[in-house]
Amino acid sequence: ILNVEQSPQSLHVQEGDSTNFTCSFPSSNFYALHWYRWETAKSPEALFVMTLNGDEKKKGRISATLNTKEGYSYLYIKGSQPEDSATYLCASPNYGGSQGNLIFGKGTKLSVKP
Amino acid sequence: ETGVTQTPRHLVMGMTNKKSLKCEQHLGHNAMYWYKQSAKKPLELMFVYSLEERVENNSVPSRFSPECPNSSHLFLHLHTLQPEDSALYLCASSQDSRGTEAFFGQGTRLTVV
């Protein structure tokens, strides 16, 4: 069974601070790494789906990197804003047979104070 | 709006009740999922349907019974639940069941009393 770990569990930053958090996953049989953003009372929404070692993706002030050989991904937020407050989830498909169902980490809860 | 709609948003039920959760997706996806979110735990996969056939059941108790009548609709039938089943139940869909991007509903907050 795939084990996806995220750290830290929670993070409190001031508006304008830049921050980052980590997702680690088994590097063997890697297929993809997903990042989701989950705001309170809303649905989790995909930020990035990454597949290639060394991949770096960016969406506005948020970016992510991927190292499949060592089994980790970083999510960076530059100049955090209060609206960035959310839980950030990473997930990786766990292949059993022909199915690749997403296995999620516990998430990093980010709070940005004005 | 993610294209995945769940009803009801909140549900309180007694341990002897029977209720159903509904999920509908308008994305043309072929796979649908039920996840459970309990406090301080990661999202736990309960059921996977691909092309309306159940392909995975992660050892979920039989008091949870899924139904997928077509590729756009997914139900979770609940009966004789326990208080520890209180949680947020999320439905999701994806293009296929091979680890592609998931689109989630807003969830049903279930309380069993």
Side-chain angles (χ1 to χ4, degrees), chain A residues 1-10 21 23-26 29-52 55 57 59 64 66 68 73 86-109, chain B residues 1-10 23-27 29-51 53-60 66 87-109:
Chain A
I1 296 289
L2 190 68
N3 203 30
V4 176
E5 303 284 347
Q6 290 187 249
S7 63
Q9 191 172 348
S10 64
F21 19 94
C23 173
S24 62
F25 51 88
N29 298 318
F30 174 81
Y31 181 77
L33 192 285
H34 297 214
W35 280 102
Y36 291 83
R37 169 194 161 95
W38 192 0
E39 291 181 71
T40 303
K42 293 188 177 181
S43 317
E45 289 191 22
L47 286 171
F48 306 111
V49 177
M50 308 173 80
T51 56
L52 299 175
D55 225 357
K57 294 202 171 183
K59 186 180 284 190
L66 179 66
T68 62
S73 175
T87 297
Y88 292 82
L89 300 170
C90 72
S92 192
N94 177 38
Y95 273 88
S98 62
Q99 305 303 324
N101 304 311
L102 288 176
I103 304 300
F104 283 85
K106 289 185 180 180
T108 293
K109 186 171 183 179
Chain B
E1 180 59 53
T2 62
V4 181
T5 304
Q6 285 186 246
T7 54
R9 294 288 307 278
H10 300 273
C23 178
E24 187 173 356
Q25 58 100 355
H26 307 281
L27 302 168
H29 288 165
N30 292 317
M32 295 188 78
Y33 311 81
W34 282 115
Y35 283 89
K36 177 182 178 182
Q37 167 83 81
S38 303
K40 298 188 178 180
K41 286 188 177 181
L43 281 171
E44 298 174 65
L45 181 64
M46 299 176 73
F47 299 104
V48 181
Y49 276 83
S50 179
L51 297 171
E53 289 195 17
R54 189 160 78 188
V55 296
E56 186 153 336
N57 168 2
N58 281 353
S59 302
V60 177
L88 180 69
Y89 289 85
L90 283 167
C91 172
S93 70
S94 61
Q95 186 60 51
D96 55 50
S97 59
R98 291 176 290 165
T100 49
E101 179 182 339
F103 292 75
F104 286 87
Q106 289 184 286
T108 296
R109 174 67 64 184

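In what follows, chains carry the letters A, B, and so on, assigned in the order in which the sequence lines appear, proteins first and then strands, with residues in each chain numbered from 1.
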Atom pairs and distances, side-chain donor-acceptor, residues 37-49 of chain B, under 3.5 Å, sequence neighbours left out:
residue: B:Q37; atom: NE2; partner: B:K41; partner atom: O; Å: 2.6
residue: B:Y49; atom: OH; partner: B:P66; partner atom: O; Å: 3.4

Crowding at NZ, A:K106 (>12 non-hydrogen neighbours, <6.0 Å): no
Would you tabulate the side-chain donor-acceptor contacts of residues 39-50 of chain A under 3.5 Å, counting partners in other chains and residues two or more places apart, or write 'none'?
residue: A:E39; atom: OE2; partner: A:R37; partner atom: NH2; Å: 3.3
residue: A:S43; atom: OG; partner: B:F104; partner atom: O; Å: 3.3
residue: A:S43; atom: OG; partner: B:G105; partner atom: O; Å: 3.2
residue: A:S43; atom: OG; partner: B:Q106; partner atom: N; Å: 3.3

Over all atoms of both residues, closest heavy-atom pair of B:Y35 and A:L102: OH-O, 3.4 Å
Portion of B:R109 that has a non-hydrogen atom of chain A nearer than 4.5 angstrom: neither
Test item: A:Y36 side-chain N/O and B:A102 main-chain N/O as donor-acceptor pair under 3.5 Å: yes
